[in-house]
Amino acid sequence: MTGAWLRSREAGVAGLILLTVAAVGTINPRFLSVENARDILIAASPGLIVACGATLVIVLGEIDISMGALMGVCAAVLGKLVSAEHAGLPVWLATLIVLSLAAGIGLINGLLVTVARVPSIIATLGMLTILTGVGDLLMAGETIGGFPDSLRAFAIGHVGMLPMPVLVALACLAAFTVLTRETALGRRIYAVGSNAHAARLAGLPALRLKVLAFTLTGLLTGVATLISAPQLEVIEAGFGRQFELFVVTAVVVGGASMSGGAGSIAGSALGVLLLSLVRTALIFLQLGIGATYWERAIQGGFILAAVLADHVSRRRRVQR
Amino acid sequence: MLLETRDLGKSYGTVRALIGVSVSILAGEVHALIGENGAGKSTFINLLAGVVHPSSGSISIGGEVLEPGSVRASEAAGIAVIHQESTAFQHLDALDNLFVGREPRRWGCVLDRPRMRAEGRRLLAGLGETLQEGRPLAELSVAQRQMVAIARALSVRCRLLVLDEPTASLSARECGALFAAIRRLTAAGVAVLYVSHRLEEILALADRVTVLRDGSHVETRAAAGLSKDDLIRSMVGREVQEHGHGAPSAPGAVRLAVRSLSRSPCFHEISFELRAGEIIGLAGLVGAGRSEVAAAVFGADRPDAGSVLVDGRALPPGDVRAAIAAGVALVPEDRQHLGLVLPMTVGENLVLAVLASLARGGVRRMSAEAAVAAEQMKAMAIKADSPAVPVRTLSGGNQQKVAIGKWLAAHPRVLILDEPTRGIDVGARAEIYRLIRSLAAGGLATLVISSDLQEVLGLSHRILVMREGRISGELSRQDATQERILALAMPQEAAVAGVSP
Amino acid sequence: AAGAEQAAKELGNVTLIYDGPTDGSPEKAAALIEKWTLKGVDVIAVSPNDPEVLAPAMQAAMAKGVKVITWDADGAASSRSFFVNQATGTQIGEAMVDAMAKDLGTPAGKVAIVTATLTAANQNAWIAAMKAHLASAYPKMELVAIKPCNEDQKVAFQVAQDLMKAYPDLVGIFGISSVAFPGAAEAVKQAGRSGQVLVTGLATPNAMKGYVKDGTVKSVVLWNTRDLGYLTVRVARALADGVLIPGATSFAAGSLGSKPVAGDAILLNNLLVFTKANIDQFDF
Amino acid sequence: MKLGAYRYWHETVLAALIAALMIGAAVVDPRFVSWKTQIALSSHVWELALLAVPMTAIIITAGIDLSVGSAMALSAVVLGLAYQAGANAWLAAACGIVAGALCGTFNGLAVAWLRVHPLIVTLATLAAFRGVAEGISLGRPISGFPASFTVLGLGTIAGVPIAGVIVALIATAAGLALARTPSGLSLYAIGHNPAASRFSGLPVARLTVALYALSGTCAGLAAAIYVARRNTAKADLGTGLELDVITAVVLGGTSIFGGSGRIIGTVLGVLAIHETREFVGWHWEHEELNAIVVGVLLIAAVLLNRLFTRPTR
Ligand SMILES: Nc1ncnc2c1ncn2[C@@H]1O[C@H](COP(=O)(O)OP(=O)(O)OP(=O)(O)O)[C@@H](O)[C@H]1O
Ligand SMILES: Nc1ncnc2c1ncn2[C@@H]1O[C@H](COP(=O)(O)OP(=O)(O)OP(=O)(O)O)[C@@H](O)[C@H]1O
Ligand SMILES: [Mg+2]
Ligand SMILES: [Mg+2]
């Protein structure tokens, strides 16, 4: 059992994380502070939350790339609803509306993919484009500010030692780990992604599972917006841009397969952490101003190395 | 009477896959269902399983009418099905595979792992297997996977167990365990509906036999006293020329020489020579490594050691294109995944292997391609409306003819046929045999891999037998008998129990 | 915008059309200039987000007889007739450095810059000026890092957080875009280091009021965008009417009075520094 | 009625949509549909069209290339640096194109030989290529190319933009190659079933590498055209272009699952997006609307196609 785990994708990513942390920590011990760990976790929490849903979608053999734009729309709507200069609704009502909106968009994605049988990459690419436009229209080049304190407290508050966003992320991770590993629903999701035809023969409700996964991804995107947007005092146009790219990359780095059936919540979470580490690590390495211009290249190379290394080692293990 | 179909029919557009079939199945009997490719056997089973919706008619089980087109209703009524195609979930482990879709649960949603484990062990033990938990099914052997699928079907407390060609990938040992399990079930009053192209199995197992032809019910009668010829006549509706031995033409020069070819763990130290005009049969149990040898000779896999020579010249290892250029052709076992591009047309598939050589100046010559396609369709007697229909729409036998014709168009010097007639009905089979013989007579060097001993015996000039990755012996056509081949093929210690015939 | 609309209303014969790429892409901005050239407007006032990329399109517009002026930021001299100059890149960069030095009291210690993107032309011009000014005027202030936030406030926030931890003796952060500045300020505020790590940069007073009042930010550098809009529309009208011609030395800018013209630049020259004392007087 | 036999439903639907749009535009504002306006606006589409051609072939093989925008930026920067280093502008352009080809070859090798899913490879190189572009240029723009070079982006032959002529030639060549060469048919076979293609002796790995290399080369060429038009080489150009390109290709009827698609469809897809965008921008002056209209168009085209073609299974 432990032997199998050590050979798994999760172990590989965890190893890379440890290696990065150890290396950067050796060069700059301040990297190893509790404070820094906390900040990295806070920054990673929206990714951790949405990756839960994205993992389900990818395990089902589909893909969702509309999350970033949806986040932008959710943030804009949230801002407009709660801020005093716009609607000024009570926080609970605004929260409810934002979450329903996010889940609703996810539901539409799901229905497009299942009922209308639009390939998921096209459906969500279309949704991404539409939502980007809607988000920009809502923001209209302005900023929206004035979040009530209760909302701010939710995003930057603590429960004991734990920051709220991290707490929410951990709760999501725990719930989805149990969902995928220990419930009939979870195993069915893997079954459908593994072999759609066999799933049909086994009478599994593939379409309903897909709609559910897309809806959950939407809903989680809403949750992620709620914990991250009010971290700042104002919301700018472009909030959440390219977030989908980050999440999909992280889930894939974490071992999910584009052809479905494979992937785990733990792997995806580790993928998010790994990718979240890189930017901070680069700052702590204090490479000087010139190195700044190579940061994106280093990040890209890092992803490439992680993915290629795994594929090469996997190919050595399984022949053909 | 356990189950009764009344006037059951199914049409796909204009294709009438099943026409007014009324059959009854009795509790405790093994009821065999036979027919040519495309006769409607799988369709009949899919209707019982609720996978497809009938166009007409009804099914009643235990006197109650079954809700049509619902997998869950069929399951609830006690019908368990093992489908023809693999229905395994490769990413899940054996335990999940056994129970997905009807998991034992606690509090409505959480899996009851201990119960699954206990139940899974019990089910697999009944088939002589042990439960391998935690390993994805992809890591198990084909036979182990099939046994998991069978155990899954048995896990339902069923009244009718349906098996659609369950033994296609099982070796003798597993077949024995399966037949024993079937007999236990029938003794307990469960009915078994059994589909197979292996007529020997039918005669050994079945109590009654139902024959379908072109979607229609031909007859149902008791199996006792029937002969293989009776079954064939009933399936095909005419006499089939049983394959007599063609006269072995004088073998020519050595075309293909394989020297100490090894690829661990699949096969070791394989050496043989194949001459022009010769047909060698390669026999062995499933998993003996024959397909792997073929793939290595063809350059699809890279061997660890050894060499392959065509006309005395060594082929670079692991290079399909070099092998093809030297005149080697392989009709693979898995025609759906390796042999054909199913969504493409018959014509395109037929010219795929000769595309480059038909082109002039890097531009395709459509007329030349059409001519080649037409020639092969005629030579192989491929039944298709036109070369422009997708191969996918053809019946299995005709697909196989396309897979062979595609290589004949390339005028190979060495032809390797891996299970050329698996899943092919008697009529189409006879045509393929005739073709292989005439090609050999024309000087083609042919290697035929087959699990069907009749086929190997009937076709080959010489027979090689493989056991556990090694060549365990060679038999000339005069010396070869089923018993001697089996003796060479069987693992030394394995029990011979339950092997058919 | 408010200033521009006011000018348009005063003049009465101006139709104002606002257009701009939603994602700040220079390519799209160039495409917009080409579109308006085709549609045939009298004057295009460009705030070039990338002077180099926009230059060919602006030149083409001038060749078609459309008057092109720049405002807010300048373009290549050959690509426009006048620049409504609120401040040059050098002035802006130096003003930010000076503000930081003043806020620090003793201009010494490590400082860092959070910029928009590594390729943002205006920001890069300011950074160049800042580097030069730091080196010549404040040698004791050491610039330790320049980090992009990719025009994402969350990233600006996180980058500023990381900078404070990686350089515990950091004394100041420049947020040199309207996105980077509030993000950096929020990070300092949440870290509880308001007053220890000073933040300054460019942003509108409204976005920064909170941070100025709680002491996280002591100065915000910006020009009066309201006046700039007003002046720009005035200049455009005058240019279209042929009233403003090259060689003029002053320009009557309505309620702003007379503004000096230096070469091809109409000088607004009102780089502002907002502090706790004056920020409430501005609303934009 | 046998509708199934007609193979060009998607193209027909797209062409009709474009025609409807143009007629509508002519009614609203005749200036928009004038030859002069259309030629002038066409300069906005050449890079998109150029990259959509190899992307069509790649998607036909069930692959994808997300790195085209970044490869284009890297090519442009290499072009600029070579020019700054004293090379003649045309030689510099050649350097840029070679850089693009190398980017593409890298993708191709990773996909074909290491057998990593193309989405994953190019997701990583999407960041890596642009990062290298930023690194070697330090984010600075390079401009001041001679007029003899900018003619590539701005010049016309008999009233037709030179860039357009280049794109038309490449698209025609690609269309013919797909329909009329062994390699073309091989790409469709690979898209449907790479294993069977290999077993048929098709040069799967070689074609795959060549295809991605071609995509990189076209990115290099697109970079040269862009730099010539805007007289600036910079590391941020082509940001987000990959999504536009993919949108155009799938709008043109190429199946994202591989095995089907035609250049003519892609050309119509590019045209549909281009005209829609330009008209929306022309008439409503709302950049944001563009995105919404294109997104709706994308989904609507797939749905419309469903109405006409029954899935055969
Ligand atoms: N989904 C489908 N669409 C169209 N035709 C179908 C479909 N499924 C089966 N058919 C047709 O129905 C007929 C019966 O097919 P079926 O699979 O039942 O045959 P079978 O007896 O199981 O043959 P085999 O021995 O090859 O398994 C064939 O002509 C087949 O082409
Ligand atoms: N898909 C697979 N997964 C795991 N092991 C496999 C798989 N296919 C074959 N094997 C293993 O590879 C070895 C050789 O198999 P191979 O298919 O070459 O046998 P064969 O003699 O050709 O049998 P067949 O009658 O199926 O063609 C066996 O040990 C078998 O268990
Ligand atoms: Mg069948
Ligand atoms: Mg085999």
Side-chain angles (χ1 to χ4, degrees), chain B residues 12-13 294-295 298-301 318-326 328-345 347-366 369 386 388-393 403 406-407 409-410 412 418, chain D residues 1-8 59-62 112-113 115 172-210 214 253-262 309-313:
Chain B
Y12 292 101
F298 186 58
D301 284 343
D319 187 343
V320 173
R321 289 167 57 74
I324 292 173
V328 184
L330 169 68
V331 178
E333 171 182 26
D334 185 349
R335 70 165 172 265
Q336 305 242 334
H337 290 117
L338 300 177
L340 296 169
V341 182
L342 292 177
M344 290 176 66
T345 67
E348 285 168 337
N349 270 281
L350 283 172
V351 297
L352 211 52
V354 290
L355 263 186
S357 57
L358 287 181
R360 183 166 295 159
V363 178
R364 284 165 66 192
R365 285 186 304 148
M366 298 309 197
E369 289 184 8
S386 88
V389 301
V391 175
R392 187 178 31 202
T393 62
K406 156 181 145 181
W407 281 113
D418 194 353
Chain D
M1 204 167 51
K2 259 195 113 178
L3 289 179
Y6 182 59
R7 289 168 62 229
Y8 292 90
I59 295 183
I60 283 174
T61 67
W113 290 22
R115 306 213 199 134
T172 311
L176 288 176
L178 275 176
R180 283 283 180 268
T181 67
S183 301
L185 186 63
S186 302
L187 296 183
Y188 290 94
I190 292 171
H192 280 306
N193 189 337
S197 303
R198 200 166 84 89
F199 271 71
S200 302
L202 305 181
V204 178
R206 222 189 306 154
L207 280 175
T208 307
V209 177
L214 190 72
T254 300
S255 160
I256 200 82
F257 301 115
S260 72
R262 280 184 290 263
T309 51
R310 278 278 176 76
T312 47
R313 212 181 263 263

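None of these values were measured; they are calculated from a predicted model. Both backbone and side-chain heavy atoms feed into the values below; hydrogens, waters and symmetry mates do not.
Neither the backbone nor the side chain of Pro194(D) comes within contact range of chain B; no heavy atoms are under 4.5 Å apart. For Val320(B), the part lying near chain D is the side chain, with the backbone staying farther off; criterion is any non-hydrogen pair under 4.5 Å. Of the two parts of Leu352(B), the backbone and the side chain both hold a non-hydrogen atom closer than 4.5 Å to a non-hydrogen atom of chain D.
To the nearest 0.5 Å, the span separating CZ on Phe199(D) from CG on Leu340(B) amounts to 12.5 Å. Between the NE2 atom in His192(D) and the CD atom in Glu348(B) there is a gap of 8.0 Å [rounded to 0.5 Å].
Counting non-hydrogen atoms of other residues, nucleotides and ligands closer than 6.0 Å to CZ of Arg365(B) gives a total above 12. Heavy-atom neighbours of Arg180(D) CZ from other residues, nucleotides or ligands within 6.0 Å: at or below the threshold of 12.
Of all the heavy atoms in Lys406(B) and Ser200(D), the pair that sits closest is NZ-OG, 2.6 Å. Of all non-hydrogen atoms in Gly362(B) and Thr181(D), the two that sit nearest each other are O-CG2, 3.3 Å. Summarising the geometry of Leu355(B) relative to Pro182(D), their closest heavy-atom pair is CD1-O, 3.6 Å, with the distance given to 0.1 Å.
Checking side-chain atoms of Arg364(B) against main-chain N and O of Ala179(D) turns up a donor-acceptor pair under 3.5 Å. When atom types are taken as modelled, the side chain of Asn193(D) and the backbone of Leu338(B) share no donor-acceptor pair closer than 3.5 angstrom.
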